[in-house]
Amino acid sequence: MKFFEKLMKIDRRIIYLILALVVIVPFLRPFMIHPKAMPPVENLYNYIDSIPPDKALVISVDYTPDTEPELQPMTIALLRHAFARRIKVGVLTLGVLGLGLAENALTQVANEFNQRATTREDSIIYGRDYVFWGWQTPALTVILGMGERISRVFSVDYYGNKTETLPMMQKIKNYNNVGIVVSVSASATPLWYITYGQTSFGIKVGIASTAVQAADMYPYLNSGQATGLLSGMKGGAEYEELVQTRLGITGRRRATEAMAAQTSAHFTIIAFIIIGNIGFFALRRRKK
Amino acid sequence: MSGEPWIWISAILTLAIFSFLYKENPFYRFGEHLFVGVANGYSITFMWHRILVPALINPVAHGQKLWLILVAFIGALYFTRFIPKISWMVRIPIALVMGYSSGAYIPRGIDAGIIEQTRATVVTRASFINWQSGIWAILILIGVVATVSYFFFSSERKGPLKPLSYIGIVFIMLGFGASFGYSVMARISLFIGRIQFLLRDWLGIIH
Amino acid sequence: MKRRIPLLIVFVFGVLGAIPFLIPHRIIQDADNEFRSSVLRIIVAFSLVLGVGSIIRHHYEKIRRKRENWQYSYVTLISLVISAIIGLFGGIEANGILPTRFVFPFTNYTFRFDIQTLYTNIMVPLGATMFSLLAFFMTSAAYRAFRARNIEATILLFSAFVVMLAAVPLVSSIFPKLSFFSEWILTVPNTAAKRGLGFGIALGSMATSLKIILGIERGWLGGTG
Amino acid sequence: MAISPPTYVRAWDNPNDAGGAIRISWHLSADDSIIDGYEILRLAEGEKEYQPIGFIGKGRNCYTDDETKDGLRYQYRVSAVKDTIRSYSEPSNFAQSSAQWFNTDRINVLIFTAIFIFLILWFITQAKRGTRLFVRRIAGLAAVEEAVGRATEMGKPILYVPGLSTVDDVATIAGLNILGEVAKKTAQYDTKLIVPNRDPIVYTVAREVVKEAYTQVGRPDAFNPDSVYFVTDSQFAFAAAVDGIMTRENPATNFFMGYFWAESLIMAETGASTGAIQIAGTDAVMQLPFFITACDYTLIGEELYAASAYLSREPLLLGALKGQDFGKAIIIGVLLLTTLLALLLNLPVLNLF
């Protein structure tokens with residue numbers, strides 16, 4: 001009797017302590033849980049995988065430092081995928097706060113590849129394999145303008161080079177030379193790409209969003225306007241898994257690591273619900 | 001470990017809030033009172049530099065939109081609250097805001113909240129691209145009808161309304177449970193964000 | 001007069017608010033934009049003074065009467081005044097007349113204390129941490145409330161349970177069907193319930209707005225009836 | 001290499017707008033699949049040369065020029081573009097833009113609005129004539145009296161949060177109405193009432209509402225002006241302050257009535273930990289799951305609006321409630337009827353909306 005009553009009335013501070021521990025420990029001692037990719041994630045992966053050599057992947061870094069834990073791993077995984085498959089990459093941001101995040105991701109992933117590279121052919125070279133166009137405003141002009149001529153929207157890149165002079169930009173002129181635009185976003189920017197870029201130019205749009213935003217994005221996935229959706233930490237972890245298992249690309253997997261914390265937290269909550277109900281049913285039976 | 005004083009301040013304030021989970025304490029109380037003070041200071045700054053200066057003071061100082069002085073006068077009527085005899089005049093600016101927002105809501109609310117939603121709920125032959133999506137569309141229609149009937153206030157729940165409103169509450173509870181479960185992941189992510197700040201930016205334990 | 005004038009204003013501006021939705025003509029649209037972008041914002045900005053006056057008086061009273069925890073009221077009052085001075089005179093872009101940085105002599109370390117720095121390093125961590133308390137509160141709320149007491153509570157518990165389980169990669173790879181079921185709950189019953197609630201809310205809001213414009217709903221005047 | 005031009009370019013005034021826009025359409029170039037897209041060129045009356053005004057992707061056959069001057073005549077050409085090659089269409093007809101005084105696209109909104117306004121006004125008039133209107137019992141409301149009584153017995157205060165939104169939000173209005181009823185009870189029982197606010201205008205109104213309630217039950221002296229106050233307009237600073245109040249003042253009952261965002265559970269769960277009875281009501285659909293789990297009673301969505309009518313028993317408010325019920329019945333009827341028509345007869349019912 002006493003035992004079951006205790007099960008029903010665990011002090012909230014014990015609950016908080018356990019939750020804090022199960023979230024913190026995986027960061028100190030990372031362990032990997034290998035997630036299975038859901039269809040929306042796999043669709044995006046497959047579509048990017050099939051981008052022909054004469055087209056580019058465009059990543060729009062549309063988040064700010066406060067959603068970095070959730071979204072930066074996605075940008076990194078997308079870059080690893082593209083570099084591994086030798087797909088040209090163009091990166092831009094619609095918000096000025098995204099600049100630093102985008103540059104961090106590009107430098108990190110380019111370094112990862114270049115440390116392994118032995119020849120110039122193997123290396124990832126700025127201007128040949130990827131370009132960081134930087135930031136321009138207003139967003140609408142950027143999204144529509146890239147349909148006509150990307151080098152006119154971004155006449156100089158983030159580092160001040162004339163965009164037209166970069167080797168990659170000789171082939172990548174407008175949306176016709178872009179396989180897909182993936183908007184990594186904590187806001188509604190993917191929908192801007194759909195409403196303006198897709199309606200006017202038929203560009204394919206992929207969405208990588210926070211878990212909270214994802215609920216608003218599902219209708220566009222179901223209607224086929226969005227090609228694939230990565231949602232939250234879980235979506236990022238699934239993409240990282242695909243990149244590692246299918247391409248053999250290794251490297252720090254921050255979403256997967258955080259997923260370990262997520263997983264243990266979810267299990268903890270579920271366990272507490274079960275414990276509460278065990279106590280509840282046991283007591284009810286006694287009373288009868 | 002970080003050498004930047006602001007990181008230390010942020011970290012200490014973060015811990016002050018977390019300490020509330022154990023119990024209310026002076027540390028939390030300090031953080032809470034500081035938060036309220038700085039938030040008000042920030043709001044004052046924002047209202048002045050981002051609203052009053054660009055929308056009122058600049059145009060008027062340049063001799064444009066002089067009618068804005070009248071608007072400022074209406075806004076200033078809020079202060080009549082401190083003068084008992086004419087304190088009723090505080091209702092004038094409130095009435096203006098209330099009236100405009102209410103009026104603006106009516107047609108937009110009908111459009112977005114009723115007409116658009118009705119269109120989305122009606123099942124047509126186009127809903128049956130495959131049998132599954134057709135059945136789901138019909139189920140959504142049933143769910144909507146049942147949920148709406150849960151909120152009939154002017155009659156007792158008898159006759160067909162009784163089972164219908166019961167189905168309604170079943171749908172509502174399924175939906176609420178799902179929303180709850182779905183937000184868990186996002187909220188844990190927020191906590192992970194704070195932990196990463198403490199362990200990485202402040203203590204430098206993880207990279 | 002104390003009631004009639006406000007009620008007349010509510011009616012007139014109510015009609016003015018509704019019109020631009022139906023009349024696309026530029027004269028109307030431009031006037032409406034001006035009203036939204038300057039008139040409403042200016043009026044709302046003035047109201048903040050009332051609020052700040054209230055919080056200052058609340059804490060002043062607390063200190064004056066030495067009510068419990070009165071010492072903390074100093075924290076609020078002092079931080080309010082300091083941050084307002086820094087913000088008003090230091091400027092949002094730290095370009096005001098008040099200097100907002102301090103260079104330590106003999107080092108090249110600069111300490112900034114402009115309003116954006118205060119925002120990023122005081123308000124953001126405090127706000128983000130308050131927000132993240134939800135992770136804990138969701139756990140304790142779920143533990144306490146998700147018990148199969150009756151059928152409604154059981155349904156709530158069941159669907160929350162399914163969606164939470166499906167969010168765990170380990171589980172969804174062992175039981176792929178569970179993920180589809182979770183997605184089904186989110187897209188079918190969840191959509192139906194939200195939409196059904198939405199109809200009632202839209203109608204209720206419309207009715208209340210109408211009652212306000214017509215002067216039937218007078219609660220906002222302060223006082224009832 | 002030559003590419004064939006788009007053909008049959010037409011231009012006309014963009015309907016239902018404030019003027020300043022012309023729509024242009026064309027038939028696709030025969031080489032649509034290989035081109036970059038279409039460039040749209042414009043010749044304004046009195047000018048000599050066509051100016052490029054826009055560009056749109058291949059496979060698309062219309063464009064809106066939204067930078068025209070009303071009353072001026074324009075002519076358009078469209079060219080198919082591939083790299084530097086351009087292939088121009090014949091010029092279009094002349095067109096000029098103008099502003100419309102009524103948006104015909106929104107006539108359905110006007111009709112729906114008229115029907116609902118009529119319904120509500122009709123029942124309000126009925127109520128004025130003295131027709132008795134029935135309102136069923138709402139579970140959470142019965143608890144209000146009990147909750148106030150409990151606080152009195154325990155000698156503890158009552159906390160009332162009228163939401164975090166502004167005064168023009170319907171949920172806030174309902175929250176303030178219920179506050180009036182609660183305040184009448186606290187005045188009668190001489191129970192301490194605490195009303196923290198996040199919006200300065202809501203604060204002003206809430207203060208008047210409470211003061212009026214105390215006057216109405218004949219206890220104006222018992223009204224403490226410091227019981228209703230503004231805290232901050234920052235969402236989480238407000239939540240932090242309310243959490244502080246709940247743990248320090250230890251209210252016996254917490255009311256959360258109005259519109260809420262993510263702070264809902266931060267407040268409600270802290271309240272639950274202090275052992276207070278909690279009654280919530282909101283039309284914020286996203287927050288309802290949290291109130292339902294953490295509070296003892298929750299008014300769901302429309303129940304919040306109905307509550308103020310129910311508590312005040314004001315016939316005009318009850319009349320409007322009846323009108324709303326009819327509105328809901330009409331919506332259900334329209335949904336079922338149009339679905340039947342669409343499925344059985346395959347009528348294009350979606351054009352109605």
Side-chain angles (χ1 to χ4, degrees), chain C residues 21-30 44 47-55 57-58 61 68-69 123 126-128 130-131 133-134 136-138 140-142 144-146 156 160 194 197-201 203-212 214 216-217 219-225, chain D residues 16-20 99-103 106 110 116-117 120 124 167 170 173 176-177 180 200-201 203-205 208-209 211-213 216 226 229-234 236-237 239-240 248 262 265-266 269 272 283 285 290 292-294 300-302 305 308 312 314 316 320 323-324 327-328 331:
Chain C
F21 187 78
L22 297 168
I23 301 180
H25 202 280
R26 181 159 292 165
I27 299 173
I28 304 285
Q29 294 299 326
D30 286 352
V44 170
S47 74
L48 185 71
V49 181
L50 285 186
V52 174
S54 165
I55 185 84
R57 205 184 43 212
H58 180 76
E61 284 291 307
E68 212 178 331
N69 293 316
M123 285 184 58
L126 284 168
M130 275 311 290
F131 201 1
L133 291 185
L134 277 174
F136 296 92
F137 290 158
M138 284 188 95
S140 56
R144 194 165 32 84
F146 286 168
L156 187 76
K194 297 231 160 103
L197 279 164
F199 277 123
I201 290 169
L203 274 179
S205 307
M206 209 227 36
T208 312
S209 300
L210 189 68
K211 285 184 286 181
I212 290 169
L214 297 178
I216 297 167
E217 171 77 68
W220 60 274
L221 283 171
T224 39
Chain D
N16 293 322
D17 67 357
Q100 278 75 46
W101 279 103
F102 187 74
N103 189 339
R106 286 173 172 169
L110 196 66
F116 287 126
I117 290 182
I120 284 161
I124 287 176
V167 79
V170 177
I173 305 263
L176 290 168
N177 282 339
I201 304 179
Y203 146 70
T204 315
V205 179
E208 297 301 312
V209 166
K211 195 172 155 194
E212 176 93 11
Q216 270 190 14
D226 202 33
Y229 57 96
F230 171 85
V231 180
T232 160
D233 61 2
S234 150
F236 289 112
R248 289 190 294 269
L265 189 69
I266 298 182
E269 190 56 15
D283 60 1
V285 179
F290 306 116
I292 285 184
T293 42
I300 300 171
E302 217 187 338
Y305 316 148
S308 62
S312 68
E314 171 75 41
L316 295 184
Q324 276 161 250
K328 274 172 277 182
I331 290 175

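Chain A is the first sequence line, chain B the second, and so forth, proteins listed ahead of strands; every chain is numbered from 1.
Going from atom CZ of F236(D) over to atom CG of L134(C) covers 6.5 Å, rounded to the nearest 0.5 Å. Distance check, rounded to the nearest 0.5 Å: CD of E314(D) to CD1 of I216(C) gives 9.5 Å. The CD1 atom of I117(D) lies 6.0 Å from the CE atom of M206(C); values are rounded to the nearest 0.5 Å. From I266(D), atom CD1 reaches atom CE of M130(C) across 5.0 Å, with rounding to the nearest 0.5 Å.
The most heavy-atom pairs under 4.5 Å with chain D, out of T208(C), N69(C), I55(C), come from I55(C). Options L22(C), I28(C), L50(C) differ in how many heavy-atom pairs under 4.5 Å they form with chain D, and the most are formed by L22(C). Your options are D226(D), D283(D), T232(D), and the one with the most heavy-atom pairs under 4.5 Å with chain C is D226(D). Across G198(C), A145(C), G204(C), G53(C), the residue that shares the most heavy-atom pairs under 4.5 angstrom with chain D is G204(C). Of the listed residues A141(C), A160(C), A142(C), the one with more heavy-atom pairs under 4.5 angstrom with chain D than any other is A141(C). Of the listed residues E217(C), R57(C), E68(C), K194(C), the one with more heavy-atom pairs under 4.5 angstrom with chain D than any other is E217(C). Ranking K211(D), R248(D), Q324(D) against chain C, the residue ahead of the rest is Q324(D), based on heavy-atom pairs under 4.5 Å. Between chain C and the residues I120(D), L265(D), I292(D), the most heavy-atom pairs under 4.5 angstrom are made by L265(D). Counting heavy-atom pairs closer than 4.5 Å to chain D, the top residue among F146(C), F136(C), F199(C) is F199(C). Contact count against chain C (heavy-atom pairs under 4.5 Å) is highest for I173(D) among I173(D), V167(D), D233(D).
Among all heavy-atom pairs drawn from G19(D) and R26(C), the shortest one is O-NH2, 3.3 Å. The two residues F230(D) and S54(C) make their nearest non-hydrogen contact at N-OG, 2.9 Å. Nearest heavy-atom pair, V170(D) versus S209(C), reported as atom, atom and distance to 0.1 Å: CG2-OG, 4.4 Å. In terms of heavy-atom proximity, K211(C) sits nearest to I124(D) at CG-CD1, 4.4 Å. Looking at every heavy atom in both residues, S47(C) comes nearest to P200(D) through O-CB, 3.1 Å. Residues F21(C) and R106(D) come closest through the heavy atom pair O-NH1, 2.7 Å.
Looking at L48(C), both its backbone and its side chain come within 4.5 Å of chain D, counting heavy atoms on both sides. No part of A237(D) comes within reach of chain C, as not one of its non-hydrogen atoms sits under 4.5 angstrom from that chain. Contacts between T293(D) and chain C at a heavy-atom distance below 4.5 Å involve backbone atoms as well as side-chain atoms. Neither the backbone nor the side chain of D30(C) has a heavy atom closer than 4.5 Å to any heavy atom of chain D. Proximity to chain C is limited to the side chain of Y203(D), based on heavy atoms less than 4.5 angstrom apart. Y305(D) touches chain C through its side chain: at least one heavy atom from C-beta onward sits under 4.5 Å away, while N, CA, C and O do not.
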Discussion item. Before you tell me yes or no, could you show the steps for F290(D) and M138(C) under side chain to side chain contact (heavy atoms under 4.5 Å, CB included), namely the whole-Å CA-CA distance, both residues' side-chain angles and the distance that decides it to 0.1 Å?
Written reply: CA-CA 8 Å; F290(D) 306 116; M138(C) 284 188 95; 3.3 Å; yes
Item to complete: Assess whether side chain to side chain contact (heavy atoms under 4.5 Å, CB included) is satisfied between V231(D) and H58(C), documenting all intermediate values.
Response: CA-CA 9 Å; V231(D) 180; H58(C) 180 76; over 6 Å; no
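Residues forming a salt bridge (charged side-chain N to carboxylate O under 4.0 Å, His left out) with E269(D) (at least two apart in sequence, or on another chain): R12(A), R144(C).
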